[in-house]
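Order of the sequence lines sets the chain letters (A, B, ...), proteins ahead of strands, with each chain counted from 1. These numbers were taken from a predicted model, which means no experiment stands behind them. Worth knowing before you read on, the calculation uses all heavy atoms, side chains too, and leaves out hydrogens, waters and symmetry mates.
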Amino acid sequence: MNQNDLSPIEQFLKREHLPMPRESFDRSILLTIEAMDTLRGQKPWLAVHRRRTALTMTAMALTGIVSFMAGTYFDYVTTSHSTRALTEVEAPPLDPEVQESLSKLLFCQSSGETIWGTIEQVRQMKMSSRSDPSF
Amino acid sequence: MSHNAWLSDLYLAHRRLLLLVAWNVTGNRDTAEDIVHAAVVRLAQLPASPAEPKSFALKVVRNLAVDHMRTLQSRRETPLDGDLNQPAIARWDSEDGELVEAIAAALDSLDFESREAVRLHLHGELTFREIGELVGKPLQTVASRYRRAIDSLRKMMEAHYEPE
């Protein structure tokens with residue numbers, strides 16, 4: 001649209017500034033796309049949803065008792081995370097590496113800090129979950 | 001090659017527009033972000049890139065946003081973030097204070113369809129044809145809504161600007 005083609009009122013209205021999406025939001029979107037790509041062809045055991053105050057992870061139990069148990073755990077963490085820091089969650093004992101990966105994947109908007117894990121951490125977390133008898 | 005590379009490219013190219021479409025319906029930035037995120041999850045599950053990725057993605061975003069607002073209304077919940085029939089007051093953060101307030105108030109006084117036409121054409125830089133495809137209305141209808149909206153806004157904003 002050529003600015004010169006606009007009437008004065010249209011040019012005036014166009015001055016209402018609509019800023020670009022926040023950088024943290026861009027990252028959450030791109031990570032989601034990457035995660036979905038990585039998990040393509042597998043059962044979508046993990047869905048990443050962004051909600052008003054935090055990026056939360058909801059594990060969906062689709063196949064097998066292990067996935068189901070993991071899903072229950074992740075739902076639990078997701079619920080708890082909105083009000084307490086992950087380290088304060090009274091969760092079942094976890095492999096420290098799994099907990100670390102999980103904590104890095106959670107997006108804490110309320111603290112103003114964005115923490116992201118890598119897709120490789122997601123993979124590792126998934127494999128750890130499968131082999132962890134506590135699940 | 002990444003299967004969803006097309007989606008990353010699409011998002012980076014049109015992220016502002018995607019958010020604008022959702023925000024125009026919901027009137028709330030956080031909710032708009034939720035809607036865009038949900039849309040991206042759906043798009044990432046497609047077996048292949050759609051024929052027209054941009055228009056397809058915009059439709060997914062808008063449909064999800066409208067569904068969200070209808071769900072709120074059907075539950076008779078107090079809409080925290082806007083209402084299709086009662087324009088939201090919410091707006092982007094801005095440093096332009098009074099001027100933006102005046103513009104936003106004028107836009108909010110329009111009906112939803114007119115406001116959508118103005119925002120998507122002026123701020124989203126979509127053509128009337130593209131808007132028509134998005135909202136499922138003929139090009140002429142969209143153009144007519146836009147012109148009527150501009151006429152209304154001109155009257156409301158005369159006190160705030162000096163025509164050249």
B:Leu18 versus chain A, the contacting section by heavy-atom distance below 4.5 Å: neither

Identify, with sequence neighbours excluded, every residue that meets ring-ring contact (aromatic ring centres under 6.0 Å, His included) alongside B:Tyr11. none

Taken to the nearest 0.5 Å, the spacing of B:Arg15 CZ from A:Ile29 CD1 works out to 11.0 Å

From CG (A:Asp26) to CD (B:Glu33), nearest 0.5 Å: 9.0 Å

Output a table of donor-acceptor pairs, distance under 3.5 Å, between side-chain atoms of residues 132-142 of chain B and any protein atom two or more places apart or on a different chain; print 'none' if there are none.
none

